[in-house]
Trainee: 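Dropping the structure in here first, questions after.
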Amino acid sequence: MVIDVPFIWTAFVEILKALPLTLLITIGPLLGGLLIGIAVAAVRINSVKIITPIANVYVSFFRGTPAILHIMVIYLGFPLFINKLSRYYEWGFNANSIPIVVFVLIALSFTAGAYMSEIIRSGLLAVEKGQIEAAYSVGMNRFQSMKRIVFPQAFALSLPNLCNIFIGFLHTSSIAFIVSQKELNGAANIVASNNLKFLEAYIAAALIYWMLTMLIEGITALLERKLTVYNRGGVV
């Protein structure tokens, strides 16, 4: 077997066309998951009655089951639920008109939220309580102390874990191909099948994933240096 090296570049260019969808399936759930994670972390840290057990079950379930199952359950289950509501309230609306990628984004947002909540919770708990008390002593209220003291430090402490989850979801986006979403991995499979050059297509896809991962790591390193400048005696 001889590797067709020039075809790797051809496949690279072809597969790269799927990058926008891959970024959507990666970044969309992370933003949705961030909102869910903040809410769940706040509930669990403050031990809100009734809601905390629900939050605990949510985190346990979504961390304890594979993301591919979340996609399949949402993809197969949500349309049934939406159609039933539509018939009951006579909306004249059918779930078939909803793009499949919407179900993928919803499923992965719930997945990301469970992991994000743990990252945010650990970041918030890592900030010393003495700093909050010091903020109160200089006249700050709770909102000001959280905004100016706690959240900046918690975010900086959480950056390495956030980078890991970003990379993890970039790779997880490849499972969207099971519901016919042509992201990078799906595009690689199509290019490989159409040209019967599987190794070259997968090498091209691997190079794209690798380059994206290095870009994410580079941006995270820059942010980390900026946000932890206070540790070196500077000012943010």
Side-chain angles (χ1 to χ4, degrees), residues 11-12 14-41 54-55 57-86 91 93-120 161-194 201-202 204-213 215-216 219:
F12 186 94
E14 191 63 29
I15 295 169
L16 204 57
K17 294 176 183 175
L19 181 60
L21 179 59
T22 297
L23 293 179
L24 174 65
I25 297 174
T26 302
I27 297 173
L30 290 176
L31 293 177
L34 181 62
L35 297 177
I36 295 172
I38 290 172
V40 172
I54 298 173
V57 170
Y58 160 71
V59 173
S60 176
F61 177 79
F62 277 91
R63 292 182 71 206
T65 48
I68 191 171
L69 291 182
H70 306 158
I71 291 177
M72 294 309 296
V73 169
I74 297 292
Y75 172 65
L76 297 173
F78 259 41
L80 298 176
F81 179 67
I82 291 170
N83 287 338
K84 190 170 183 179
L85 284 179
S86 179
W91 291 339
F93 176 78
N94 193 299
N96 290 334
S97 60
I98 300 175
I100 295 174
V101 70
V102 173
F103 298 117
V104 175
L105 292 174
I106 292 171
L108 292 182
S109 292
F110 281 120
T111 310
Y115 288 95
M116 286 280 198
S117 71
E118 285 298 272
I119 292 172
I120 294 167
N161 288 329
L162 291 173
C163 176
N164 287 335
I165 197 170
F166 196 157
I167 294 170
F169 268 75
L170 172 65
H171 300 162
T172 300
S173 66
S174 64
I175 62 178
F177 188 55
I178 63 169
V179 288
S180 306
Q181 296 305 289
K182 204 180 83 170
E183 39 61 62
L184 289 176
N185 187 52
N189 279 309
I190 293 171
V191 170
S193 300
N194 289 343
Y202 293 140
L207 289 173
I208 295 172
Y209 278 117
W210 186 27
M211 291 168 63
L212 289 172
T213 299
L215 179 63
I216 294 168
I219 293 172

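Side-chain atoms are counted along with the backbone in the values below, which use heavy atoms only and exclude waters and symmetry mates. In this text the structure is predicted, and so the values were computed from the model without any measurement.
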Trainee: Could you tell me which non-hydrogen atom of Ala55 sits nearest to which non-hydrogen atom of Val40, and how far apart they are?
Mentor: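 That closest heavy-atom pairing would be CB-CG1, 4.0 Å.
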Trainee: Working to the nearest 0.5 Å, report the span between CD1 of Ile167 and OG1 of Thr26.
Mentor: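 If we round to the nearest 0.5 Å, Ile167:CD1 and Thr26:OG1 are 11.5 Å apart.
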Trainee: Does Tyr58 use its side chain to pair, donor to acceptor, with the backbone of Phe110 at less than 3.5 Å?
Mentor: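 Side chain of Tyr58 to backbone of Phe110: a pair is present.
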Trainee: Shortest non-hydrogen contact from Ile120 to Gly37?
Mentor: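 Closest pair (atom of Ile120, atom of Gly37, distance): CD1-C, 3.8 Å.
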Trainee: Just verifying a value: how many Å separate Ser173 OG and Leu105 CG, rounded to the nearest 0.5 Å?
Mentor: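 So the OG of Ser173 and the CG of Leu105 are separated by 11.0 Å.
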Trainee: Heavy-atom distance under 4.5 Å between the side chains of Ile175 and Thr172, does that happen here?
Mentor: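 Side chain of Ile175 against side chain of Thr172, heavy atoms only: contact under 4.5 Å found.
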Trainee: If you compare all heavy atoms of Val179 against all heavy atoms of Val104, which two are closest, and at what distance to 0.1 Å?
Mentor: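 Looks like CG2-CG2, 3.7 Å.
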Trainee: Is the shortest heavy-atom distance from the side chain of Met116 to the side chain of Ile36 under 4.5 Å?
Mentor: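 A side-chain contact is absent here, since even the closest heavy-atom pair is not under 4.5 Å.
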Trainee: If only atom types and distance count, is the side chain of Thr213 paired as donor or acceptor with the main-chain N or O of Tyr209 below 3.5 Å?
Mentor: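 Judged by distance alone, yes, a pair lies under 3.5 Å.
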Trainee: Tell me, do Leu162 and Leu30 make a side-chain contact under 4.5 Å, heavy atoms counted?
Mentor: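 Sidechains of Leu30 and Leu162: no contact.
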Trainee: Does the side chain of Ile98 reach to within under 4.5 Å of the side chain of Phe93, using non-hydrogen atoms?
Mentor: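 Yes. Closest side-chain heavy atoms under 4.5 Å.
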Trainee: What is the minimum heavy-atom distance between Gly32 and Ser109, and which atoms define it?
Mentor: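 Answer, listing the atom of Gly32 first, then Ser109: CA-OG, 4.1 Å.
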Trainee: Give, for atom CG of Asn96 and atom CD1 of Ile82, the distance between the pair rounded to the nearest 0.5 Å.
Mentor: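 These two atoms lie 10.5 Å from each other.
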Trainee: Quick check for you: to the nearest 0.5 Å, what is the distance between Tyr75 atom OH and Gln181 atom CD?
Mentor: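 One gets 8.5 Å once the value is rounded to the nearest 0.5 Å.
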Trainee: Calculate, to the nearest 0.5 Å, the distance between atoms CD1 and CD1 belonging to Ile216 and Ile165 respectively.
Mentor: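 The CD1 atom of Ile216 sits 12.0 Å away from the CD1 atom of Ile165.
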Trainee: Minimum heavy-atom separation for Ala18 to Leu184, with atom names?
Mentor: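 Taking Ala18 first and Leu184 second, the nearest heavy atoms are CB-N, 3.8 Å.
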Trainee: Can you tell if the side chain of Ile27 reaches within under 4.5 Å of the side chain of Phe166, non-hydrogen atoms only?
Mentor: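 Of all side-chain heavy-atom pairs linking Phe166 with Ile27, at least one is under 4.5 Å.
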Trainee: Of all heavy-atom pairs between Thr111 and Ala67, which one has the smallest distance, and what is that distance?
Mentor: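 For Thr111 and Ala67, the tightest heavy-atom pair comes out as CG2-CB, 4.2 Å.
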Trainee: Is any side-chain heavy atom of Leu35 closer than 4.5 Å to one of Leu31?
Mentor: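 Side-chain contact under 4.5 Å: no.
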Trainee: Report yes if the side chains of Asn185 and His171 come closer than 4.5 Å at any heavy-atom pair, otherwise no.
Mentor: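 Sidechains of His171 and Asn185: no contact.
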Trainee: Rounded to the nearest 0.5 Å, how far does CD of Glu183 lie from CG of Leu23?
Mentor: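 It comes to 11.5 Å.
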Trainee: Are Thr65 and His70 packed together at the side-chain level, in the sense that at least one heavy-atom pair is separated by less than 4.5 angstrom?
Mentor: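 Yes, side chains in contact.
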